[in-house]
Amino acid sequence: MQKANLVTKAGSQPKRTPAGMPGRWELFVRDMKRDKHLYVLLSPYMLLFLLFTVFPVIISIFFSFTNFNMLEFPQWVGWENYSKLLWNDDVFLIGLKNTIIFSVVTGPISYIACFVFAWLINELNPKVRAFMTLIFFAPSISGNVFFIWQIIFSGDSYGIMNGFLMKTGILYEPILWLQDPKYMLAIIMLVQLWLSLGTSFLAFIAGLQTVDRTLYEAGAIDGVQNRWQELWYITLPSMRPQLMFGAVIQITASLAVAEVATALAGFPSVQYGAHTIVTHLMDYGTIRFEMGYASAIATVLFGLMLGSNLLVQKLLKRVGE
């Protein structure tokens, strides 16, 4: 009995190396030595990633606590930038509201649309599938093709939408679609949804192509009875990496919208009806050169993206349950 107690006590204590390192750290070092060639091959990418991604984020967070105009040495101001941003900057609050509305509407819709179209197209034969993929993917790679929407929603009677509504008797005078705050945000959402079938769409098609077909046969034996059950219990769990990748892309695109808003509604937009966090960041970062304040805006945006990604990651873990 005494011997058993000694064994139990010895087993309950963490294993340590002669140098005093915990066993887990020892295993990590051992894996590093074993896979040293892999780490050598990864080192160029990791170096560039740290240099151009991690390091700038850290620097931006530091500058967000300073007053920095790129000409004078940064002056530490603590939480002053964040206090001004959240309590005294009404334009930022408008941009924050527009960004949240925009992301809540366009993010889930574009994400679901990307998957649904990819799922439907994946059922076609290879030649038709390749053609349809190109058709759906084309708007996202066509540069400034969204300017066609300026013609559609032009504010004069020659605009396609105004011309159609006036010809049918619904309107008697043209509407300034892209200058009226009541319409501009909805139009920008529509255009962004039209452009959203991009990288996520291709990732979903690639994920659907890699699903093991034998899983469907095994599922049929285990009681899977229809396509919806196949989708939930087999297809979606098999492509979790692609789903997560697509979620990150869609979250980033919905929270970082700026190009479409400035191109269609102008910069700044009328009564800030299409103002977003990124356009506010552009204002202070590239026009006013108040880099400390701009860094605070960027840090808030980074926090929103990070929180959204963590939330989506938790939701995706429940897929197939």
Side-chain angles (χ1 to χ4, degrees), residues 1-66 68 74 76-79 81-82 107 111 199-200 202-204 206-207 210-212 215 233-253 255-256 291-292 294-321:
M1 185 69 180
Q2 185 177 3
K3 184 178 180 180
N5 291 334
L6 290 174
V7 172
T8 303
K9 290 181 180 179
S12 62
Q13 295 178 355
K15 296 181 180 179
R16 294 181 177 271
T17 63
M21 291 190 302
R24 183 178 299 177
W25 177 251
E26 180 187 9
L27 292 175
F28 175 73
V29 173
R30 188 183 304 169
D31 292 339
M32 287 278 291
K33 292 180 179 179
R34 183 192 62 195
D35 301 328
K36 58 184 177 181
H37 299 293
L38 299 178
Y39 287 101
V40 170
L41 294 174
L42 285 172
S43 59
Y45 166 78
M46 294 303 299
L47 180 62
L48 293 175
F49 178 75
L50 291 173
L51 185 62
F52 294 104
T53 302
V54 177
F55 187 66
V57 170
I58 296 174
I59 292 297
S60 177
I61 294 174
F62 169 76
F63 281 144
S64 69
F65 295 99
T66 66
F68 182 41
W76 185 264
V77 295
W79 295 96
N81 288 329
Y82 293 97
Y111 184 76
T199 307
S200 302
L202 293 183
F204 291 156
T210 59
V211 177
D212 188 358
L215 294 176
Y233 292 110
I234 299 175
T235 304
L236 293 178
S238 298
M239 51 182 298
R240 276 199 181 99
Q242 290 82 9
L243 293 175
M244 187 61 204
F245 176 77
V248 171
I249 295 296
Q250 295 303 123
I251 289 172
T252 303
L255 288 175
M291 303 308 294
S295 296
I297 299 172
T299 303
V300 172
L301 180 61
F302 175 74
L304 286 175
M305 289 184 178
L306 183 61
S308 301
N309 283 319
L310 292 176
L311 176 61
V312 171
Q313 188 174 0
K314 288 184 179 181
L315 293 176
L316 289 178
K317 288 181 179 179
R318 301 176 64 88
V319 171
E321 295 182 357

Novice: Nearest 0.5 Å please: distance from the CG atom of L50 over to the CD1 atom of I58.
Specialist: 8.5 Å

Novice: Testing the basics here: between M305 and L255, what is the closest heavy-atom pair and its distance to 0.1 Å?
Specialist: CG-CD1, 3.6 Å

Novice: Got a sec: does the OH of Y39 have more than 12 other heavy atoms crowding it under 6.0 Å?
Specialist: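 More than 12 heavy atoms, drawn from other residues, nucleotides or ligands, come within 6.0 Å of this atom.
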
Novice: Which word best sums up how the rings of W79 and Y82 line up, parallel for under 30°, tilted for 30 to 60°, or perpendicular for over 60°?
Specialist: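 Aromatic pair W79/Y82 classed tilted.
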
Novice: Sequence neighbours left out, what passes ring-ring contact (aromatic ring centres under 6.0 Å, His included) with F63? Give chain and number order.
Specialist: F68

Novice: From D31 CG over to E26 CD, what is the distance, rounded to the nearest 0.5 angstrom?
Specialist: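 D31 atom CG to E26 atom CD measures 10.5 Å (nearest 0.5 Å).
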
Novice: Less than 4.5 Å apart, any side-chain heavy atom of I61 and any of F65?
Specialist: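 With C-beta onward as the side chain, the pair touches.
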
Novice: Please collect all side-chain hydrogen bond (donor to acceptor under 3.5 Å, both in side chains) contacts where either partner lies in residues 47-58, sequence neighbours excluded, each pair once.
Specialist: none

Novice: Check whether any side-chain heavy atom of Y111 sits under 4.5 Å from a side-chain heavy atom of I249, and report yes or no.
Specialist: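 Not touching, per the 4.5 Å side-chain cut-off.
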
Novice: First locate atom CZ of R34, then atom CG of L27, and finally report the distance between them rounded to the nearest 0.5 Å.
Specialist: 9.5 Å

Novice: Looking at NZ of K36 and CG of L41, how far apart are the two atoms once the value is rounded to the nearest 0.5 Å?
Specialist: 13.0 Å

Novice: Under a 4.5 Å cut-off applied to non-hydrogen side-chain atoms, are V312 and Q250 in contact?
Specialist: no

Novice: Between L316 and R240, is any pair of side-chain heavy atoms under 4.5 Å apart?
Specialist: no

Novice: When you measure from the side chain of S60 to the backbone N and O of V57, does any donor-acceptor pair fall under 3.5 Å?
Specialist: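 Judged by distance alone, no pair lies under 3.5 Å.
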
Novice: What closest approach, in Å, do V40 and P44 show between heavy atoms, and which atom pair accounts for it?
Specialist: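 Minimum heavy-atom contact is O-CD, 3.4 Å.
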
Novice: Locate the shortest heavy-atom distance separating N81 from V77; write the atom from each residue and the value.
Specialist: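 Closest approach of N81 to V77: ND2-CG2, 4.0 Å.
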
Novice: Do any pairs count as a side-chain hydrogen bond (donor to acceptor under 3.5 Å, both in side chains) and have a residue in residues 304-314, sequence neighbours left out, and if so which ones?
Specialist: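 Qualifying pairs: none.
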
Novice: With the side chain counted from C-beta on, respond yes when W76 and F62 share a heavy-atom pair under 4.5 Å apart, and no when they do not.
Specialist: yes

